[in-house]
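In what follows, a single structure is set out as structure tokens and then discussed.
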Amino acid sequence: MGRTLAEKVWDEHVVRSAEDEPDLLFIDLHLVHEVTSPQAFDGLRQASRPVRRPDLTIATEDHNIPTVDVDQPIADPVSRTQVETLRRNCEEFGVRLHPLGDVDQGIVHIIGPQLGLTQPGMTVVCGDSHTSTHGAFGALAFGIGTSEVEHVLATQTLTQARPRTMAVTVEGDLPAGVSAKDLVLTLIAQVGTGGGQGYVVEYRGEAIRSMSMEARMTICNMSIEWGAKAGLIAPDETTFAYLQGRPHAPQDQDWDAAVRHWRSLITDDDAQFDHEVVLHAQDVAPFVTWGTNPGQGVPLSSSVPFPEDFADANERVSATRALEYMDLQAGTPMRDIGVDTVFVGSCTNGRIEDLRTVADIVRGRRVADSTRMLVVPGSARVRLEAEAEGLDVVFKDAGAEWRGAGCSMCLGMNPDTLAVGERCASTSNRNFEGRQGKGGRTHLVSPQVAASTAVLGHLAAPADLPTPASV
Amino acid sequence: MDAFTTHTGIAVPLRRSNVDTDQIIPSEYLKRVTRSGFEDGLFAAWRRDPDFVLNLPGYAGASVLVAGPDFGTGSSREHAVWALQNYGFRAVVAPRFGDIFRANSGKSGLLAAQVDEKVVQALWDLVESDPGADVTVDLLERTVSAGTGIEAVHDSFDIDDYTRWRLLQGLDDVAVTLGHADHITAYESRRPAWKPATLPVRVAD
Ligand code: SF4
């Protein structure tokens, strides 16, 4: 019987398998950042173990760092210690590091693809749940905890039980103005936050095939938000074109050998998935969340739901709690919800394509007086690219803040946080209670909705905008 | 890591589903570089409420957490496991766990016992009507039990065989794997040469 893409990648990485034991898998790329690594390096030090493959390891500073005055010492002493600890660890163990201020610094999941380090058929791990992003290249990529970070540093392997496989097939094409983010938010609302538990998911179908790499990364990024272990997309010409010429992409004959192999990384026609979900792209519309988990979302054109409309008792309780936390009235049209802050950025939507989309909408317009807008590029290179295209000027002219690269308000570990009760439309991936700052309220949205919302001061899509006075 | 065979302790009913790791420990507490001291951040937002279950005197000294489905979803932060352990928890009983949280628990020695939803309901009812009641989580037998008479709960829980074995032995995962170093070396010698490496550093033109 044929094999799925995920199974092929898995099989290629089995170092050892034994009955009644999980497989030992080889890891091709290990991404490291300041928050989930200090205790792992400490563990190595205590056991006098080296990093087995520094040449398959790369570190950067992203979660904790400021996005303004990046040439100054970090003000918060605890954050500073964590960043300095990473620098010391990388130095001691010989790990490549792109620190704050470096041109290749940025969110781990943005710099891997950008450097051409993320390639089809690889196993990629990081002490971060959104490692699933790299699955867009046909890599098996998933998040791990700090003990596992230590395990990979010490052995370049992980013990893993073979996951089940699922196919999400998206038929047809997305309507104009509807993005990958709307698609994945729609999917999560449909299957629930636990729907992917224990599965590696392959996204396939026409809508996925016609997406750019950036859009594919947005989809795979959110796999963890519905519980999937990983999400991946078979590599194709779009993937190869993205990779070719990147610093760490194979060159010359190596490139040919690699592409030959990559072309074999598709699910065989007679392969069986353990579960299948089908979505129709033409039914997807701009989609936003109203609650406190990524599954609590509705189309922008609809209203805040009534808890009693949920069939499941747990969901009813959770919806009631969420409405209270979000300070929302059931039945309120989503478009009537005013926001204080708009955050554009994160490993979900902090790539150059996202910034271009936002710039196209705010160009010649103004951010509403009642609203502040933060635009945070996902990496230092994205920032430079945007500046070379003049996007920074577009943002600033519209009244938005243009920042340095990092995770920023996606998780509010640095000074970029919401105040208690503040409401935010965010292009990030999590709307958990307090995710963007204690007491902050988050609505997950696409870049298109974020930009339109910034202009109008309430949740909105580009179609709601009047024509700009000047372009 | 300490071995885990069986544990009996006071159980706390956490009547919530979808408790993500941002709720277990908010990001502002993740800046430490040690493995201890995270108990202050455990359920930090909720603990400000004096009526939050962990603040009720009847559950003081609790070591077993009984939670609703999808406990530990979201962020991969192992700090969530450490915070629970630093606070004194040895086991979490729930109908479904986030995958990474469950893996992290297994590595750190916190028992994540997956049970049927009705077992959680029964445990909630029992420890709410009798705060301070003990619950026993037996890894050898894979059972969770509590109470006596008509209210008694006794049921099995799920945990994968390998994690169970490592917990029972208290084994360090890295040492186990390094025992297979020859397999790793053999694998490395057959990896294709074109696979990318982070070193030497290459930069964009
Ligand atoms: S941008 Fe947000 S989700 Fe992505 S790695 Fe950073 S904190 Fe995690």
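Letters go in sequence order (proteins before strands), and every chain restarts at 1.
Ranked by non-hydrogen atom pairs under 4.5 Å with chain A, the options B/Arg190, B/Glu188, B/Arg77 are led by B/Glu188. In terms of non-hydrogen atom pairs under 4.5 Å with chain A, the most contact-rich of B/Leu178, B/Asp161, B/Val201, B/Val203 is B/Val201. The residue among B/Ile184, B/Asp173, B/Leu30, B/Val81 with the most heavy atom pairs within less than 4.5 Å of chain A is B/Ile184.
Along residues 114-132 of chain B, the residues that come nearer than 4.5 angstrom to chain A, judged on non-hydrogen atoms, are B/Glu117 in order of number.
In this view, A/Phe41 and A/Phe93 satisfy the ring-ring contact (aromatic ring centres under 6.0 Å, His included) rule, not counting sequence neighbours. Evaluation of the ring-ring contact (aromatic ring centres under 6.0 Å, His included) rule for B/Phe157 yields no partner, not counting sequence neighbours.
Under a 3.5 Å cut-off, the side chain of A/Arg96 and the backbone N or O of B/Thr198 do form a donor-acceptor pair. A donor-acceptor pair is defined here as one N or O able to donate and one able to accept, closer than 3.5 Å; such a pair exists between the side chain of B/Asn104 and the backbone of A/Gly145. Between the side chain of A/Glu433 and the backbone N or O of B/Trp46 there is no donor-acceptor pair closer than 3.5 Å.
With a 4.5 Å cut-off on non-hydrogen atoms, A/Thr146 touches chain B through its backbone and its side chain both. Within the 4.5 angstrom heavy-atom criterion, only side-chain atoms of B/Arg16, from C-beta onward, approach chain A. Residue contact with chain B, scored on non-hydrogen atoms closer than 4.5 Å, involves the side chain of A/Leu29 exclusively. Heavy atoms of A/Val14 lying under 4.5 Å from chain B belong exclusively to its backbone. Both the backbone and the side chain of A/Thr155 come within less than 4.5 Å of a heavy atom of chain B. For chain B, no part of A/Asn414 is nearby; none of its heavy atoms comes within less than 4.5 Å. Residue contact with chain B, scored on non-hydrogen atoms closer than 4.5 Å, involves the backbone and the side chain of A/Pro54 alike. Using a 4.5 Å cut-off between heavy atoms, A/Ala249 touches chain B through its backbone atoms (N, CA, C, O) alone. Of the atoms belonging to A/Arg430, it is side-chain heavy atoms, and not backbone ones, that fall under 4.5 Å from chain B. For a residue to count as touching a neighbouring chain, one of its non-hydrogen atoms must lie under 4.5 Å from one of that chain's; by this rule A/Val78 touches chain B with backbone and side chain alike. Contacts between A/Gln39 and chain B at a heavy-atom distance below 4.5 Å involve backbone atoms as well as side-chain atoms. With a threshold of 4.5 angstrom between heavy atoms, A/Thr157 approaches chain B through side-chain atoms but not through N, CA, C or O. With a 4.5 Å cut-off on non-hydrogen atoms, B/Asn18 touches chain A through its side chain but not through its backbone. At a 4.5 Å heavy-atom cutoff, A/Gln253 makes no contact with chain B through either its backbone or its side chain. At a 4.5 Å heavy-atom cutoff, the contact between A/Ile224 and chain B is made by side-chain atoms alone. If you measure heavy-atom distances from A/Thr57 to chain B, the contacts under 4.5 Å come from the backbone alone.
For the side-chain hydrogen bond (donor to acceptor under 3.5 Å, both in side chains) condition, no pair includes a residue of residues 50-59 of chain B, sequence neighbours left out.
Of the candidates B/Thr73, B/Thr21, B/Ile100, A/Ser129 forms a side chain to side chain contact (heavy atoms under 4.5 Å, CB included) with just one, namely B/Ile100.
In this pair, B/Trp194 and A/His261 present their aromatic rings tilted. The plane angle is within the 30 to 60° band.
With values rounded to the nearest 0.5 angstrom, A/His13 atom NE2 is found 4.0 Å from B/Tyr187 atom OH.
By the 4.0 Å N-to-carboxylate-O rule, B/Lys107 lies too far from A/Glu150 to be salt-bridged with it. With respect to the salt-bridge test (charged N to carboxylate O, under 4.0 angstrom), the residues B/Arg35 and A/Asp42 do not qualify. Taking the charged nitrogens against the carboxylate oxygens, A/Lys229 and B/Asp99 have no contact shorter than 4.0 Å, which rules out a salt bridge. A salt bridge links A/Arg49 to B/Asp172: at least one charged side-chain nitrogen sits closer than 4.0 Å to a carboxylate oxygen.
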Evaluate the side chain to side chain contact (heavy atoms under 4.5 Å, CB included) criterion for residues B/Arg191 and A/Leu56: first the C-alpha distance (whole Å), next the side-chain angles of each, then the deciding distance (0.1 Å), finally the verdict.
CA-CA 13 Å; B/Arg191 280 181 88 228; A/Leu56 302 182; 3.9 Å; yes
